[in-house]
J.: 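Before anything else, here's the structure in question.
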Amino acid sequence: MKKLTLILLAAAIVAIPSCKNNSNKTQEEAPDYSMATVDELTSEALKADMANLIESAKRIKSVPFVKANKDGKLSLSDKEKMVKPDFLIDPQIAASLVTLNQKYRAVGMLTSDKSIAEMYDMPVSAYGENIYKLLTDINDPALMEFYTLPSYDIESNKEAFSLFVDDEYAAGRINYFWEGVSAGLVEQLFILTRDVDKFMPMFTDELANDITFNFVCVHDGLTKTVNATPEMASLNEILEPLYVINAATVEQLRYQLIELGDEIVTAREALLK
């Protein structure tokens with residue numbers, strides 16, 4: 001049995017499952033673990049798994065609200081802008097949040113809402129002030145640096161996001177990183193469900209597939225870190241109904257957003273409780 005365990009663990013190190021797509025780069029030769037103990041193999045397997053998970057996390061993308069607006073793919077008429085969205089989170093909620101989990105989640109959610117408020121020419125100073133207040137309360141240098149960047153096209157922030165992921169993992173803030181990222185993704189899905197047909201023109205099949213990738217990564221991330229940070233079990237439970245998202249095309253995404261509308265609302269409401 002011990003020999004079989006060694007073989008299985010060694011195999012796991014060579015072929016760690018993760019949400020990262022297969023790379024075209026030449027695979028490095030697998031290290032020799034023939035003389036390693038079970039404990040050593042387990043440790044190496046976990047480190048390899050986490051390394052893959054970190055690389056996958058770097059490829060998470062936000063829903064392209066800002067990009068769509070800049071490219072002209074999604075523009076609101078003056079008449080449309082007169083009907084302001086009533087579904088955005090009141091930024092003053094920041095004052096009532098107590099736990100770090102809530103505050104990390106709120107940063108991701110309020111940042112998404114701020115983008116929509118800007119699209120409708122709504123005042124956004126309250127969003128900026130309360131997001132900054134949360135960032136100050138949290139006192140996480142990597143989070144502060146990333147979320148105080150200008151709201152440029154998300155493609156321009158790939159390197160910054162990659163550094164953000166590395167810094168959060170290196171500082172041992174695995175659970176808080178996933179709290180914030182997950183909440184932001186849920187809020188973005190919620191926004192899409194408020195008017196699916198209005199937002200669908202911003203999507204290509206590739207961007208629809210990115211939404212699927214995001215939730216595969218989140219599921220992978222929470223599953224693999226829940227033992228190290230048990231409090232993440234509650235977040236995983238909140239997101240469980242959304243793990244069925246598997247859209248590969250715009251039409252599939254549209255259908256799934258409509259079908260999962262109630263589940264998305266429930267998940268969103270649970271995040272700040």
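Predicted, not measured: the structure shown is a model, and the values here were computed from it. Along the sequence shown, residues carry numbers from 1.
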J.: Test side-chain contact (heavy atoms from CB on, under 4.5 Å) on S96 and I93; report intermediate values, then the result.
T.: CA-CA 5 Å; S96 66; I93 196 175; 3.6 Å; yes
J.: Over all heavy atoms of both residues, which pair between F203 and A208 is shortest? Give the atoms and the distance, please.
T.: CD2-N, 3.9 Å
J.: With heavy-atom distances below 4.5 Å as the criterion, would you say the side chains of R268 and I89 are in contact?
T.: yes
J.: Working to the nearest 0.5 angstrom, can you tell me the gap between E187 CD and L192 CG?
T.: 10.5 Å
J.: With a 4.0 Å cut-off on N to O distance, would you call K133 and E129 a salt bridge?
T.: no
J.: If the plane angle is over 60° it's perpendicular, under 30° parallel, otherwise tilted; pick one for Y147 and F164.
T.: perpendicular
J.: Could you check L235 against L271 for side-chain contact (heavy atoms from CB on, under 4.5 Å), going step by step and ending with a plain yes or no?
T.: CA-CA 8 Å; L235 177 61; L271 284 170; 3.8 Å; yes
J.: Does atom OH of Y120 have more than 12 heavy-atom neighbours, drawn from other residues, nucleotides or ligands, at distances under 6.0 Å?
T.: yes
J.: Please step through side-chain contact (heavy atoms from CB on, under 4.5 Å) for the pair L88 and M122, ending with a clear verdict.
T.: CA-CA 11 Å; L88 303 180; M122 296 169 62; 4.3 Å; yes
J.: Under 4.0 Å between a Lys/Arg side-chain N and an Asp/Glu carboxylate O for R254 and D197?
T.: yes
J.: So, Q252 versus D205: side-chain donor-acceptor pair below 3.5 Å or not?
T.: no
J.: Should V265 and L260 be counted in the same cluster of Ile, Leu, Val, Met, Phe, Trp and Tyr side chains packed under 4.5 Å apart?
T.: yes
J.: When rounded to the nearest 0.5 angstrom, what is the spacing between CG in L135 and NZ in K103?
T.: 11.0 Å
J.: Under 4.5 Å between any side-chain heavy atoms of I138 and Y176, yes or no?
T.: no
J.: What is the distance from atom CD1 of I264 to atom CD of E269, rounded to the nearest 0.5 Å?
T.: 12.5 Å
J.: Following the transitive rule for hydrophobic clusters with a side-chain heavy-atom cut-off under 4.5 Å over Ile, Leu, Val, Met, Phe, Trp and Tyr, establish whether Y104 and L163 coincide in one cluster.
T.: no
J.: Do the side chains of V218 and Y243 get nearer than 4.5 Å, heavy atoms only?
T.: yes
J.: Rounded to the nearest 0.5 Å, what separation is found between the CD atom of E168 and the CG atom of N175?
T.: 10.0 Å
J.: So among N236, L239, L222, which one has a side chain to side chain contact (heavy atoms under 4.5 Å, CB included) with W178?
T.: L222
J.: Find the distance between NZ (K114) and OH (Y127) and round it off to the nearest 0.5 Å.
T.: 10.5 Å
J.: Give a yes or no on whether I245 and M200 share a hydrophobic cluster (residues Ile, Leu, Val, Met, Phe, Trp, Tyr; joining criterion: side-chain heavy atoms under 4.5 Å apart).
T.: yes
J.: Just by distance, do the side chain of N130 and the backbone of A126 share a donor-acceptor pair under 3.5 Å?
T.: yes
J.: Are there over 12 heavy-atom neighbours, none belonging to E237, within less than 6.0 Å of that residue's CD?
T.: no
J.: Do T266 and I238 have side chains that get closer than 4.5 Å, going by heavy atoms?
T.: no
J.: First locate atom CE of M232, then atom CD of E179, and finally report the distance between them rounded to the nearest 0.5 Å.
T.: 6.5 Å
J.: Do T193 side-chain atoms and F190 backbone N/O form a donor-acceptor pair below 3.5 Å?
T.: yes
J.: Following the transitive rule for hydrophobic clusters with a side-chain heavy-atom cut-off under 4.5 Å over Ile, Leu, Val, Met, Phe, Trp and Tyr, establish whether Y132 and V124 coincide in one cluster.
T.: no
J.: For the hydrophobic clusters of this structure (ILVMFWY residues joined by side-chain heavy atoms under 4.5 Å, transitively), does one cluster hold both V250 and Y255?
T.: no
J.: Heavy atoms, side chains only, cut-off 4.5 Å: are R105 and L97 in contact?
T.: no
J.: Would you say the side chain of L189 lies within less than 4.5 Å of the side chain of L185, judging by non-hydrogen atoms?
T.: no
J.: State, yes or no, whether a side-chain contact exists between L207 and L253 at a heavy-atom distance under 4.5 Å.
T.: no
J.: Write down the atom of Q256, the atom of A247, and the distance for their closest heavy-atom approach.
T.: OE1-N, 3.4 Å
J.: Using a 4.5 Å cut-off on heavy atoms from C-beta on, say whether the side chain of F87 contacts that of I191.
T.: yes
J.: If you draw a 6.0 Å radius around CD in E206, do more than 12 non-hydrogen atoms from other residues or ligands fall strictly inside?
T.: no
J.: Take L110 and L134 through the side-chain contact (heavy atoms from CB on, under 4.5 Å) test and state the conclusion after the steps.
T.: CA-CA 10 Å; L110 291 176; L134 287 168; 3.9 Å; yes
